[in-house]
J.: 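This structure is in structure tokens; I'll ask about it shortly.
Residue numbers count from 1 along this sequence. Nothing here was measured: the structure is a model prediction, and the numbers come from that model.
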Amino acid sequence: MVEKKQSIVVVVDGGYHPDTVKLTKGIPAEIIFKRISDKGCVDTIVFPKLGIKRFLPINEQQIFSINTDKAGEYQFHCGMDMATER
């Protein structure tokens, strides 16, 4: 049996594209950040509620597993809290 999984790619190019991610509760999820340029201050991604702060190297995927057991909103932003999701 193949397990369902949600997978969203966020391209980081001076901002986040898409800048809002919606996931379905109860289905395992991952958000893949791929930084493609050095524009802006988006070399670090921060998920405050999840306690995550990670450097995003250019042209390397960074994968974050997201627990979808509970409904909720989790904001993410750059290391300087200037570039953020809507």
J.: For a quick test of reading the model, state the closest non-hydrogen atom pair linking T68 to P28 and the distance between them.
T.: OG1-N, 4.0 Å

J.: Quick one: pull up CD1 in I36 and CG in N59 and give me the separation to the nearest 0.5 Å.
T.: 7.5 Å

J.: For I27, check side-chain contact (heavy atoms from CB on, under 4.5 Å) against everything at least two apart and list the hits.
T.: K4, Q6, T24

J.: Under 4.5 Å between side-chain heavy atoms, counting indirect links through other Ile/Leu/Val/Met/Phe/Trp/Tyr residues: same cluster for V11 and I58 or not?
T.: no

J.: Please list, chain by chain and in numerical order, all residues satisfying side-chain contact (heavy atoms from CB on, under 4.5 Å) with E60, sequence neighbours excluded.
T.: P57, Q62

J.: Mind checking whether I52 and V21 sit in one hydrophobic cluster, side chains of I, L, V, M, F, W, Y counted as touching below 4.5 Å?
T.: yes

J.: Just how far is it from atom NE2 of H77 to atom CZ of F47, taken to the nearest 0.5 Å?
T.: 10.0 Å

J.: For residues L56 and V42, determine if any side-chain heavy atom of one lies less than 4.5 Å from a side-chain heavy atom of the other.
T.: no

J.: Hydrophobic clustering (ILVMFWY, side-chain heavy atoms < 4.5 Å, transitive) - are L23 and V10 grouped together?
T.: yes

J.: Does the side chain of L50 reach to within under 4.5 Å of the side chain of F64, using non-hydrogen atoms?
T.: no

J.: Decide if the gap between the ring center of F76 and the ring center of F33 is smaller than 6.0 angstrom.
T.: yes

J.: Looking only at non-hydrogen atoms, find the nearest pair between K25 and K70 and report the distance.
T.: CE-CA, 4.3 Å

J.: Of all residues at least two apart in sequence or in a different chain, which pass the salt bridge (charged side-chain N to carboxylate O under 4.0 Å, His left out) check with K39?
T.: D13

J.: Does the Y16 side chain pair with the main chain of C78, one donor and one acceptor, at a distance under 3.5 Å?
T.: yes

J.: With N67, which residues qualify under side-chain contact (heavy atoms from CB on, under 4.5 Å), at least two apart?
T.: D69

J.: Only counting residues at least two apart or in another chain, list the ones meeting salt bridge (charged side-chain N to carboxylate O under 4.0 Å, His left out) with K5.
T.: E30

J.: Would you say I32 and I8 make side-chain contact, with heavy atoms under 4.5 Å?
T.: no

